[in-house]
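Comments concern the structure below.
Order of listing sets the numbers, starting from 1, for every ligand and every atom in it.
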Amino acid sequence: MIDVHVHLHPPRLFAAIRRWFAERSPWVLDHPTEPAAVAAALRAAGVERFVFCSYAHKPGMARDLNAWLAATSRDLGGYGLPLATVHLGDPDPAGDLRAAFDDGCIGLKVHEDVQQLALDDPRFDPVLAVVAEREGFVLVHVGPVPWRSDTNDGPGRIAAVLARHPRLRVVVAHFGVPDSAAYVALMPTVPNLFLDTTMAFAHGSPMEGGIAADLVEAAAANIVFGTDYPNMPYDYGAERRGLEALGLRSATLRAILGENARRLAPALADDARER
Ligand SMILES: [Zn+2]
């Protein structure tokens with residue numbers, strides 16, 4: 001199993017995020033937040049590799065955050081691989097991203113709602129060109145789901161980004177809920193578009209999408225496994241159990257749980273089973 005959507009943040013930021021959920025949401029979050037404890041829980045669950053991220057919600061913090069993410073990956077012996085963050089309010093986001101790739105980041109995370117930035121903002125173009133040139137990928141949380149469902153034509157905006165950057169790989173988080181079917185419909189003409197499973201399949205998840213097995217089969221080659229661990233209000237195994245409950249073909253399940261993720265970045269392509 002490769003989990004492409006895990007959150008690790010520096011302690012003060014993580015405490016602030018947990019406070020936000022406690023005050024503003026009904027979610028009960030009690031999974032560990034310390035990187036070594038998160039990694040230990042993932043190993044115990046049978047995860048062979050994971051990709052983790054944080055995000056800069058304001059200018060002036062991306063460089064330090066990226067340095068922390070890369071150092072944390074080294075502390076974990078490369079078991080977890082980091083996605084960088086940039087903020088378009090900073091003087092040189094593309095330069096920040098280049099530095100982050102040099103330091104070991106394997107792609108970019110963009111959270112449109114938390115960062116109040118849209119992936120199709122033209123100021124992202126030089127940043128996305130760096131991701132494509134380094135053969136990484138972008139993991140993007142499109143719109144304000146689950147708090148509101150209007151994504152301002154998320155699928156159309158993501159398709160426009162991929163038309164401008166045909167070599168770029170984009171993973172839309174949360175299976176693109178609430179626009180899942182529209183994303184899957186784009187896949188035949190937009191080959192570098194992926195969806196992750198994060199929170200969309202776990203029973204009792206606030207983002208459970210009611211997604212049918214035939215929609216998953218139709219997109220089987222471009223779905224990657226993600227969970228939002230440790231920021232989800234249920235046990236780690238729930239996402240996988242939700243997928244298994246769909247009764248997918250075994251080749252589809254294998255592709256989703258690990259094989260597809262190997263195509264997202266060179267660092268994920270090597271065999272990590274020895275780690
Ligand atoms: Zn997330």
Side-chain angles (χ1 to χ4, degrees), residues 1-10 13-22 24-33 35 38-39 41-42 45 47 49-57 62 65-66 68-69 72-73 80-87 105-119 137-149 151 154 158 170-180 183 194-202 204-209 223-236 238-240 242-243 261 264:
M1 257 201 291
I2 297 176
D3 187 332
V4 305
H5 192 145
V6 170
H7 288 286
L8 295 177
H9 310 280
L13 181 57
F14 219 142
I17 291 168
R18 283 288 168 95
R19 268 198 310 277
W20 188 93
F21 276 103
R24 314 256 201 111
S25 85
W27 301 14
V28 177
L29 301 176
D30 53 12
H31 298 296
T33 59
V38 168
L42 293 173
V47 173
R49 207 52 160 326
F50 71 97
V51 178
F52 64 97
C53 58
S54 184
Y55 24 68
H57 60 283
L65 206 43
N66 291 337
W68 183 87
L69 290 161
T72 299
S73 176
L81 296 168
L83 297 177
T85 183
V86 299
H87 199 287
C105 288
I106 67 162
L108 174 72
K109 168 69 189 271
V110 174
H111 196 306
E112 289 195 331
D113 191 38
V114 170
Q115 298 186 285
Q116 289 295 296
L117 297 170
L119 194 69
F137 69 101
V138 182
L139 174 62
V140 57
H141 182 124
V142 178
V145 286
W147 319 112
R148 298 194 321 278
S149 61
T151 62
I158 298 300
V170 172
V171 178
V172 175
H174 306 299
F175 211 76
V177 170
D179 302 315
S180 304
Y183 285 110
F194 292 77
L195 299 177
D196 85 15
T197 62
T198 303
M199 295 192 81
F201 296 91
S205 160
M207 273 188 252
E208 189 176 359
I223 300 171
V224 290
F225 183 67
T227 60
D228 247 346
Y229 190 75
N231 274 351
M232 82 290 212
Y234 43 78
D235 73 283
Y236 186 78
E239 198 79 64
R240 180 176 178 154
L243 280 166
L264 291 178

Between Tyr55 and His9, ring centroids under 6.0 Å: yes
Give every residue pair that meets the side-chain hydrogen bond (donor to acceptor under 3.5 Å, both in side chains) criterion with at least one member in residues 170-180, sequence neighbours excluded.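 Only His141-His174, Thr151-Asp179 qualify under side-chain hydrogen bond (donor to acceptor under 3.5 Å, both in side chains).
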With Arg18 via salt bridge (charged side-chain N to carboxylate O under 4.0 Å, His left out) - residues at least two apart: none
Atoms named by residue and atom, protein N, O or S, within reach of the Zn ion (ligand 1) (under 2.8 Å):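 Listed by chain and number, the nearby protein N, O or S atoms are His5 NE2, His7 NE2, Asp228 OD1.
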Would you say the side chain of Val170 lies within less than 4.5 Å of the side chain of Phe137, judging by non-hydrogen atoms?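 In short, these two side chains do not touch, never coming nearer than 4.5 Å.
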Using the side-chain contact (heavy atoms from CB on, under 4.5 Å) criterion, which residues pair with Ala238? Sequence neighbours excluded.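 So Ala238 forms a side-chain contact (heavy atoms from CB on, under 4.5 Å) with Ala202, Tyr234, Asp235, Arg241.
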Test item: Glu112 side-chain N/O and Leu119 main-chain N/O as donor-acceptor pair under 3.5 Å: yes
